[in-house]
Structure formats: structure tokens, C-alpha cells
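The analysis underlying the following values was restricted to heavy atoms, covering all of them including side chains, and did not include hydrogens, waters or symmetry mates. All residue numbers refer to positions in the sequence shown, counting from 1.
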Amino acid sequence: MDYFNLKDGALACEQVALETIAEEVGTPVYVYSAATLRRHARVMKEALAALDDPLIAFAVKANPNPAVLATLAREGLGGDIVSIGEYRRAREAGMPPSSILFSGVGKDADEMAEALAGDVLQFNMESVEEARMLSAVAVAAGRTARAAFRLNPDVDAGTHAKITTGNADNKFGIPAAQAIEAFRAARDLPGIEMTGVTVHIGSQLTRLDPLEKAFVRLGELVAALRGDGFDLKLADLGGGLGVPYGPGQPEPPSPEAYGAMVARVTRDWNIRLAFEPGRLISGNAGVLLSRVVRVKPGEHHPWVIVDAAMNDLMRPALYDAYHHVEAVRPSGARETINLVGPVCESGDTFATARETDRMAPGELMIFRTAGAYGAAMSSGYNSRPLTPEVLVDGDKWALVRRRIDLAEASAMPVPGWIDQTS
Ligand SMILES: *Cc1c(COP(=O)(O)O)cnc(C)c1O
């Protein structure tokens with residue numbers, strides 16, 4: 001459920017008309033609903049209420065906007081981070097280090113040192129090579145790093161290949177057959193205390209059975225490690241639960257069903273559990289608001305060209321992802337269209353042969369479910385500025401990211417020697 005609804009014939013975010021935001025900020029612009037963010041955080045907490053003190057660490061990469069993170073921090077969510085930039089944002093937003101999990105396959109020594117100095121709860125490591133680097137960093141700093149290894153459970157997550165992460169062919173984690181050896185090797189390293197295990201098999205999962213299979217394998221690893229003398233304190237079950245993207249798209253299981261499955265599978269684990277939801281929290285809490293530039297006749301359907309493009313919302317080009325689109329002030333008329341942006345790539349296509357609201361030049365429209373992996377992935381391709389972001393809370397709203405001209409922000413003088421080069 002979200003808070004983007006028709007109000008007096010036009011879409012509003014909570015109490016604020018999207019037309020007002022478009023007028024004052026311009027388009028394209030991302031608009032987030034604080035009430036929806038809070039609601040999703042609470043739904044997740046309620047779904048996990050049967051567990052003892054679960055840690056819910058928002059996957060910061062899904063939406064790293066400082067105002068979004070601060071909203072979630074006020075709900076008691078921690079952060080799952082994959083870079084030191086995300087670490088700093090999580091801390092600045094008010095997420096305590098004891099709620100921060102450091103994931104990612106390529107953390108470098110500087111990143112490890114800064115996160116260790118900040119005393120993050122756990123480093124989720126992906127190889128023995130990484131453990132050696134973390135050990136050296138910890139010894140140099142005179143500290144002990146709490147760490148886990150990520151299990152690659154070799155399950156098919158049943159999602160898009162580019163967001164599958166728990167398959168033997170993926171770069172992530174350590175295969176079950178090598179996991180105990182990896183834990184033993186890390187135990188022998190100074191500066192590291194092996195406190196946990198973790199697994200994350202992919203994103204936008206629309207079935208529970210691959211998750212259950214992965215959790216069962218993680219439970220087997222927990223039991224085997226305890227038999228080997230490890231004192232484990234945290235089992236991190238990752239993120240990945242899908243969200244509804246719209247009509248005709250797979251309906252993911254509810255957070256309640258997910259929570260019930262987790263409670264059943266982990267009943268005898270006797271360990272604190274952590275979760276890393278990203279999309280589930282922020283996906284349906286955001287829309288991308290855009291304006292139709294023009295409509296060009298097409299062979300089969302008209303090309304509706306909007307001022308948002310693949311650089312603003314990459315998911316359709318990257319994953320063939322579906323985003324539901326609507327007119328901000330629907331007239332009731334419907335039309336089958338091709339929806340595209342202005343970027344010079346045929347991949348800059350949001351929808352093909354889509355039946356939707358008729359959209360005339362100059363009209364406003366939205367892409368729904370754009371609050372996760374939307375602005376976070378945006379770029380300045382085609383010398384387009386980075387899309388601004390707005391957070392709405394009731395009848396209040398604020399610009400929470402400026403429209404950034406990257407050419408200006410990164411400008412350096414052209415080197416004088418190019419004139420001497422023949
Ligand atoms: C991306 C990611 C998540 C979040 O995935 P969602 O599908 O957005 O819930 C959680 N954990 C790790 C390790 C990730 O890489």
C-alpha cells in the first residue's frame with residue numbers, strides 16, 4: 001500500500017499535489033512518501049514480531065537519499081551498506097554502528113579501516129582473501145573485527161539473471177562445501193572474530209521456496225559451525241523479497257508469509273536474526289514524475305516522448321523491468337503507446353505497446369514503484385543533470401536532492417598542452 005492517490009482529479013503524494021511539485025521543482029523529479037516509507041518499515045517489523053530482537057538493516061543502495069535514510073533511522077532501521085560512501089550516509093542519517101552490516105564483494109582496505117574505526121556490527125565477507133585483508137587492517141588498527149562469511153547456497157532465485165546472486169555461477173559468497181574451511185582459516189587470523197553467517201540470493205523474489213531452501217542450507221551451516229566450536233551470534237538472512245510492480249506482474253508473497261516462513265525455518269537456531277530489505281521498504285514509496293515532451297507518430301503505436309530517460313530510471317533498460325505508468329490528471333481516455341525518453345539509445349524505452357492513460361504533450365505522468373534502484377542508479381548520460389528528489393510528509397514537502405549538473409560539478413580546466421599535441 002502507498003500514498004499516491006487521486007485527489008480532486010489529479011494524483012497527489014499524501015496531501016501534496018504532484019502538479020505543485022512539478023511546477024516548483026521542474027521535471028523529471030523523484031517524489032517519495034514518508035508515510036509509505038514508515039508504513040513499510042512497520043509492516044516488516046510486524047512480520048518479524050515473533051522473532052527475538054531481529055535487526056532490520058535497510059539496504060542503503062536501494063535508496064541512499066539522506067532524508068529517506070533519516071526517516072527510516074527514526075523507525076529504528078539499521079543499514080546494510082556496500083561502500084564507505086553508504087557507511088557515511090547511514091551514520092549521518094542517525095543509524096548507529098551497532099545496526100550497520102558491511103556487505104559487498106570488493107571492500108578495500110581504506111573502507112574496512114574506516115568502518116572498523118566506527119565499530120560496525122559485522123563485516124559480511126565473501127572470500128578468505130577478503131578475511132586476510134580485514135585481518136591486516138584490524139591488526140594495524142589494534143582492533144577486532146566482527147565478521148561473517150556469506151554462503152553461496154547455489155539455489156535458483158527465479159528472478160532476472162542480473163539480480164540473481166545465490167547461484168554457483170555468481171561472484172557472491174562461498175560454496176557450502178568450502179564454507180567450514182573458510183571459517184577455520186578466518187578463525188586462525190588475528191584481529192577477526194567470526195560472529196555470524198549471511199546469505200542473500202537475489203532481488204525482486206516472487207516466491208518463498210528459493211529463500212526457504214537457502215535458509216535451510218544456512219541453518220545446516222550454523223549447526224556445523226557450532227559443532228566445530230564457533231560461537232555464532234548473528235544469522236543475516238539478506239533481503240530480496242519482491243514488491244508488486246503493477247497489473248500483470250508477479251504478485252510477491254506478503255511480508256507476513258515471509259516472516260512466518262522465517263520463524264518456522266529458524267525455530268531451533270537460537271541466534272539473533274538480521275534482515276536487509278531494500279526494495280520492500282522504498283520501492284513503492286517513490287514515483288518518478290515526468291512531463292510529456294511530444295508525441296511522434298509510429299508504425300504501430302504513437303511514440304510518447306517524456307522528459308525522463310534511461311539515465312534517470314535505468315531499470316527498464318537494464319533488467320527489462322516493468323514500471324506502471326499513469327497520467328497525473330487522467331481524462332479517462334486510454335491509448336496504446338510506446339513510451340520513451342530523449343536519450344539517444346533504442347534501449348531508452350520504458351514501455352512497448354502499453355495500454356495506458358492517453359498522454360498529450362505538456363501533460364504530467366508518473367512511473368510508479370520508482371523508490372528503489374531509481375535515483376540511486378541515475379547517471380548524467382547525454383549530459384543530462386541528475387534528477388532531483390523530493391520528500392513529502394503529510395502536507396509538508398522539501399527538495400532533498402538538488403538537480404545536479406554533473407558537467408558543472410566535475411568541471412576542470414582543459415589542459416593547456418592539448419594545443420601542442422600534433
Ligand atoms: C541489494 C542487496 C540487498 C537488498 O536487496 P532487495 O532486493 O532490495 O531487498 C540486501 N543484501 C545485499 C547483500 C544486497 O546486495
Side-chain angles (χ1 to χ4, degrees), residues 1-33 35-36 243-249 251 283-313 315-317 320-343 346 348-371 374-375 384 387-392 394-395 397 399 403:
M1 207 199 106
D2 60 58
Y3 293 88
F4 296 91
N5 295 305
L6 284 173
K7 204 171 155 245
D8 304 326
L11 281 168
C13 175
E14 305 188 25
Q15 305 305 313
V16 179
L18 293 180
E19 289 168 342
T20 303
I21 293 171
E23 227 162 80
E24 301 207 12
V25 181
T27 54
V29 53
Y30 278 95
V31 182
Y32 307 127
S33 154
T36 311
V243 299
Y245 273 88
Q249 301 302 301
E251 269 296 316
N284 277 309
V287 301
L288 173 58
L289 175 60
S290 179
R291 196 181 287 281
V292 179
V293 177
R294 70 176 59 83
V295 179
K296 171 183 162 172
E299 181 73 15
H300 302 291
H301 308 291
W303 299 99
V304 174
I305 305 166
V306 294
D307 65 4
M310 64 188 285
N311 69 294
D312 305 301
L313 179 62
R315 299 186 64 260
D320 300 314
Y322 176 99
H323 281 273
H324 197 62
V325 298
E326 282 167 52
V328 165
R329 194 174 276 282
S331 66
R334 306 282 291 173
E335 190 171 31
T336 299
I337 62 168
N338 295 329
L339 186 68
V340 299
V343 158
S346 292
D348 187 19
T349 298
F350 293 116
T352 305
R354 176 87 61 91
E355 198 216 301
T356 184
D357 296 324
R358 171 165 295 165
M359 298 175 195
E363 259 186 65
L364 293 169
M365 54 80 64
I366 60 162
F367 296 85
R368 282 194 182 261
T369 323
R384 292 166 53 83
T387 331
E389 297 171 83
V390 161
L391 182 70
V392 175
D395 59 1
W397 67 274
L399 186 64
R403 193 181 303 280

Query raised in the report: Which atom pair, heavy atoms only, marks the closest approach of V29 to V25?
Result: CG2-CG1, 4.1 Å
Report task. Would you please name every residue forming a side-chain hydrogen bond (donor to acceptor under 3.5 Å, both in side chains) with E363, sequence neighbours left out? Result -> none
Report task. Of all the heavy-atom pairs spanning V340 and F350, show the shortest one and how long it is. Result -> C-CD1, 4.2 Å
Report task. Measure the shortest side-chain to side-chain distance between P28 and R403 over non-hydrogen atoms and say whether it is less than 4.5 angstrom. Result -> yes
Query raised in the report: Can you check whether M310 reaches P316 side chain to side chain, under 4.5 Å on heavy atoms?
Result: no
Report task. Could you please spell out the steps behind the side chain to side chain contact (heavy atoms under 4.5 Å, CB included) verdict for F367 and L313? Result -> CA-CA 9 Å; F367 296 85; L313 179 62; 4.0 Å; yes
**Report entry** Test side-chain hydrogen bond (donor to acceptor under 3.5 Å, both in side chains) applied to H323 - qualifying residues, sequence neighbours left out
**Finding:** R315
Report summary line: In this structure, OG of S290 is separated from CD1 of I366 (nearest 0.5 Å) by 11.0 Å
Report task. List for me each residue that meets side-chain hydrogen bond (donor to acceptor under 3.5 Å, both in side chains) alongside S33, sequence neighbours excluded, and say none if there are none. Result -> E14, T36
Report summary line: Correct closest heavy-atom pair for T369 and Y245 would be CG2-CE2, 3.3 Å
Query raised in the report: Excluding sequence neighbours, so at least two apart, what forms salt bridge (charged side-chain N to carboxylate O under 4.0 Å, His left out) with E335?
Result: R358
Report summary line: Applying salt bridge (charged side-chain N to carboxylate O under 4.0 Å, His left out) to E251 and not counting sequence neighbours gives none
Query raised in the report: Do N338 side-chain atoms and T349 backbone N/O form a donor-acceptor pair below 3.5 Å?
Result: no
Query raised in the report: At what distance, to the nearest 0.5 angstrom, does CG of L288 lie from CE of M365?
Result: 7.5 Å
Query raised in the report: What heavy-atom pair brings A353 and T336 nearest, and what distance separates the two atoms?
Result: C-CG2, 3.6 Å
Query raised in the report: Looking only at heavy atoms, what is the nearest atom pair of V295 and P361, with distance?
Result: CG2-CD, 3.9 Å
**Report entry** Partners meeting side-chain contact (heavy atoms from CB on, under 4.5 Å) with A351 (sequence neighbours left out)
**Finding:** L339, R354
Requested in this report: Determine the sole option in T356, L6, L11 for which the side-chain contact (heavy atoms from CB on, under 4.5 Å) test with P330 is passed.
Outcome: L6
**Report entry** Residues which pass salt bridge (charged side-chain N to carboxylate O under 4.0 Å, His left out) with R334, listed by chain and number, not counting sequence neighbours
**Finding:** E355, D357
**Report entry** D348 side chain reached by P342 side chain, heavy atoms, under 4.5 Å
**Finding:** yes
Query - For S331, side-chain contact (heavy atoms from CB on, under 4.5 Å) partners two or more places apart - result: A333
Query raised in the report: Taking only residues two or more places apart in sequence or in another chain, which ones pass side-chain hydrogen bond (donor to acceptor under 3.5 Å, both in side chains) with Y3?
Result: none
Query raised in the report: Which pair of non-hydrogen atoms, one from Y32 and one from A375, has the smallest distance, and what is that distance?
Result: OH-CB, 3.4 Å
If you look only at distance, which donor and acceptor atoms sit under 3.5 Å apart when one is on a side chain in residues 15-24 and the other is two or more places apart or in another chain?
| residue | atom | partner | partner atom | Å |
| --- | --- | --- | --- | --- |
| E19 | OE1 | R329 | NH2 | 3.0 |
| E19 | OE2 | R329 | NE | 2.9 |

Query - salt bridge (Lys or Arg N to Asp or Glu O under 4.0 Å): pairs with one or both residues in residues 283-312, sequence neighbours excluded - result: D312-R384
**Report entry** Set of residues satisfying salt bridge (charged side-chain N to carboxylate O under 4.0 Å, His left out) with respect to E326, sequence neighbours excluded
**Finding:** R368
